[in-house]
Amino acid sequence: MTHTLLLYCLVFLLPTESCRTLYQAASKSKEKVPARPYGVCDGVCTDNSQCTQPCPPDTQGNMGFSCRKKTWHKITDTCRTLNAVNIFEEDSQLVQPFEDNIKISVYTGKSETISDMLLQKCPTDLSCVIRGIQQSPRIPGNIAIIVQLLHNISTALWTGVDEEKMRSYSTIANHILNSKSISNWTFIPDRNSSYILLHSVNSFARRLFIDKYPVDIPDVFIHTMGTTISGDNIGKNFTFSMRVNDTSNEVTGRVLISRDELWKVPSPSQVISIAFPTIGAILEASLLENVTINGLVLSVILPKELKRISLIFEKISKSEERRTQCVGWHSVENRWDQQACKMIQENSQQAVCKCRPSKLFTSFSILMSPHILESLILTYITYIGLGISICSLILCLSIEVLVWSQVTKTEITYLRHVCIVNIAATLLMADVWFIVASFLSGPITHHSGCVAATFFVHLFYLSVFFWMFAKALLILYGIMIVFHTLPKSVLVASLFSVGYGCPLVIAAITVAATQPGKGYLRPEACWLNWDMTRALLAFVVPALAIVVVNLITVTLVIVKTQRPAISNSMFQEVRAIVRISKNIAILTPLLGLTWGFGVATVINDRSLAFHIIFSLLNAFQVSPDASDQVQSERIHEDVL
């Protein structure tokens, strides 16, 4: 302002004293109103309060802040320098960035002006905005304008996308895909911007026409490759190698199309693939999701006849303690979806995925689970415990065969030992199938075998619980004498119906309801799925319900065996405590109460201690041997 006044005085020859007076007044006014720092809110910061501040000089827009824990945190930012005039390189030096007659807002849908002007000024190669965009700062408002520009171009151009247009389009996208701009995507008010960009790039590339020669357009943060294919090709693959995390380290991604798939394609057809090293992190930042992309994002544009492709992703983080999931981006629901892919092979360096491209799924990658507990201690405990358990179960069944005629002379002892033998047999089969499933969950996943192994593991572990439940019913029978009028054959049929019928129905319904939609198995293991279909509830709910019932049974046994003593001597009290302790020690593993500790691992799944205790309690679970059977006999004598 002071400089303007001086210029005014010189031009119009105002009296010197008047000019001096105006200058001093302007200077004093400037001193009295100090400039307020940008990005700082006035007033008291109270939780959940919000404020808006103007952007720094030479930018338009505003910044929104929210108060959390007595501190202002920026939540939105629309500051921008680009507009419909200065984005074009030939006009960028002739006009001021912001004039009253330039009205543009990406959030009110008026940015179509830029795309219209672009298609008028340089319709052949779209290059007239490249310099203006590359010279602009990657601030949130500029990113939003460029995203909207790319979206408008992809919808305006239906045909005539050649290599030059694709090259210019990639250059524009490369500017806002820069790894240094990732944090700024968080402040864009429109949370859809990241996946609008992904969809726009894929849509524009879908209209690319490939002539005689393959297309290869490498940029730092987006790499496009395309070629023509025919049925007589022996196979096709694209290999990308790109830097991530602002380091010199590169990760690779490969798209493989088998010869069997190429036979289905009419000749000639186009295949286009695009690799993004940063779009995964941008999606994570803008959508605020707790997922981590652990490889390149690979988009593929294929003929509709191609139904299967293989994708090889080198891992960014090569930690062996994190599980990997193959996923596809659902273009309608805007989320990563496991149904699009399945894991074929995995090691610490890379993952191989088999994916199903479609209109819904064009982009694919691998996710790294945020906290998956993997420990060699748990592995050792599990397999050592299973080995001891299997040997003990075989010993238990052998003892039962040898003493069967001696211990089944009465109806109640016969029914009791039927339960013991079936608990041991089903637990043995469950352990064997568990080991089979662990081998099938290795680096190479055999899908059909994995489905079968999961079904039998589910069936036999449920059978263990239901036979434990049958055992509890027999104990209740001893306490309450509910079935005293029923013949032995009816009781045996009822026990087998409960022990095998109920688990078979649950396991069959689970596989029938979830397997057609590929939601039966977990991507990383031969076990019931949780993330997609909650199939695991078909095991957890019956098991925990039976544990609760069996806990009630143990409580009734304790109450029943507390016989009133003739005297209140210390010796009688000690004997009662010892008898109750023995009953609890025998019935707890026999009725599967240790499985109730699994609730703790669900509540706090990151606690290694809970997982170790749960593994120790259940990996060594065996059916009662000869000495335990004697104690079991005494329990029944106590309750009868």
Q. Going by heavy atoms in the side chains, are Phe221 and Ser179 under 4.5 Å from each other?
A. yes
Q. Which is it for Arg356 and Arg308 under the side chain to side chain contact (heavy atoms under 4.5 Å, CB included) test, yes or no, and what are the steps along the way?
A. CA-CA 5 Å; Arg356 299 179 292 108; Arg308 294 286 188 276; 3.0 Å; yes
Q: Hey, could you give me the NZ/CG distance between Lys315 and Leu296, rounded to the nearest 0.5 Å?
A: 14.5 Å
Q: List for me each residue that meets disulfide (SG to SG under 2.5 Å) alongside Cys341, sequence neighbours excluded, and say none if there are none.
A: Cys355
Q) Would a 4.5 Å heavy-atom cut-off, applied to side chains only, mark Ile506 and Pro542 as touching? A) yes
Q. Can you find a pair of side-chain heavy atoms, one from Cys502 and one from Phe469, that are under 4.5 Å apart?
A. no
Q | Heavy-atom closest contact (Phe455 atom, Ala508 atom, distance) | A | CE1-N, 3.9 Å
**Q.** Leu298 side, atom CG; Ser363 side, atom OG - distance, nearest 0.5 Å
**A.** 9.0 Å
Q.
For a 4.5 angstrom cut-off between non-hydrogen side-chain atoms, does Ser358 reach Phe361?
A. yes
Q: Determine, step by step, whether Thr227 and Phe238 satisfy the side chain to side chain contact (heavy atoms under 4.5 Å, CB included) criterion, reporting the C-alpha distance in whole Å, the side-chain angles of both residues, the deciding distance to 0.1 Å, and the verdict.
A: CA-CA 10 Å; Thr227 188; Phe238 299 105; 3.8 Å; yes
Q) Taking Lys307 for the side chain and Lys304 for the main chain, is one N or O donor matched with an acceptor at less than 3.5 Å? A) yes
Q | Residue pair Thr510 / Thr514: nearest heavy atoms and the distance that separates them | A | O-OG1, 2.7 Å
Q) Do the side chain of Ser389 and the main chain of Leu386 share a donor and acceptor less than 3.5 angstrom apart? A) no
Q. Does any N or O in the side chain of Gln270 come within less than 3.5 Å of the main-chain N or O of Leu208, such that one atom is a donor and the other an acceptor?
A. yes
Q: Go through Thr454 and Trp433 one step at a time and tell me if the side chain to side chain contact (heavy atoms under 4.5 Å, CB included) criterion holds.
A: CA-CA 8 Å; Thr454 301; Trp433 276 106; over 6 Å; no
Q: Using side chain to side chain contact (heavy atoms under 4.5 Å, CB included) as the criterion, list what pairs up with Ile75, not counting sequence neighbours.
A: Gln50, Ser66, Arg68
Q. Which heavy atom in Ser331 sits nearest to a heavy atom in Lys359, and how many Å separate them?
A. OG-O, 3.3 Å
Q. Do Asn529 side-chain atoms and Ala535 backbone N/O form a donor-acceptor pair below 3.5 Å?
A. no
Q. Atom CG of Asp337 and atom CH2 of Trp329: how far apart are they, to the nearest 0.5 Å?
A. 10.5 Å
Q: Indicate, with yes or no, if the rings of Tyr461 and Trp527 have centres closer together than 6.0 Å.
A: no
Q) When you measure from the side chain of Arg254 to the backbone N and O of Ser310, does any donor-acceptor pair fall under 3.5 Å? A) no
Q.
Using 0.5 Å steps for rounding, measure from the OG1 atom of Thr155 to the CG atom of Leu150.
A. 10.5 Å
Q: Would you name the heavy atoms of Gly295 and Ser365 that are closest together and state the gap between them?
A: O-OG, 3.7 Å
Q: Would you indicate whether the side-chain heavy atoms of Asn192 and Tyr195 approach each other to under 4.5 Å?
A: yes
Q. Is there side-chain contact between Ile293 and Leu367, with at least one heavy-atom pair below 4.5 Å?
A. yes
**Q.** Residue list, side chain to side chain contact (heavy atoms under 4.5 Å, CB included) with Ser183, at least two apart or on another chain
**A.** none
Q.
Set out, in order, the CA-CA distance, both residues' side-chain angles and the distance that settles side-chain hydrogen bond (donor to acceptor under 3.5 Å, both in side chains) for Asn202 and Thr362, then state yes or no.
A. CA-CA 8 Å; Asn202 292 338; Thr362 304; 5.1 Å; no
Q) Who passes side chain to side chain contact (heavy atoms under 4.5 Å, CB included) against Ser200, sequence neighbours left out? A) His151, Ser154, Tyr169, Ile196
Q: Begin from the C-alpha positions of Leu197 and Val201 and carry the test side chain to side chain contact (heavy atoms under 4.5 Å, CB included) through to its verdict.
A: CA-CA 6 Å; Leu197 172 63; Val201 173; 4.0 Å; yes
Q: Nearest 0.5 Å please: distance from the CD1 atom of Ile282 over to the OG1 atom of Thr186.
A: 10.0 Å
Result block: side-chain N/O donor-acceptor pairs under 3.5 angstrom for residues 486-494, not counting sequence neighbours:
residue : atom : partner : partner atom : Å
Ser494  : OG   : Val490  : O            : 2.8

Q. Just wondering, do Phe313 and Val251 contact through their side chains at under 4.5 Å, heavy atoms?
A. no
Q) Looking at Ile344 and Cys353, what are the two nearest heavy atoms and their distance? A) CG1-C, 4.1 Å
Q) From Leu428 CG over to Asn422 CG, what is the distance, rounded to the nearest 0.5 angstrom? A) 12.0 Å
Q. Is a side-chain N or O of Thr278 found less than 3.5 angstrom from the main chain of Leu177, in a donor-acceptor match?
A. yes
(Q) When you measure from the side chain of Ser269 to the backbone of Pro303, do you find a donor-acceptor pair of N or O atoms at a distance under 3.5 Å? (A) no
Q.
Minimum heavy-atom separation for Phe364 and Pro357, please, with both atom names.
A. CZ-CA, 3.9 Å
Q: Please tell me if the side chains of Thr324 and Met343 come closer than 4.5 Å, counting only heavy atoms from C-beta onward.
A: yes
Q.
If the condition is side chain to side chain contact (heavy atoms under 4.5 Å, CB included), which residues does Ala205 pass it with, not counting sequence neighbours?
A. Met166, Ile272, Ile274, Ile301
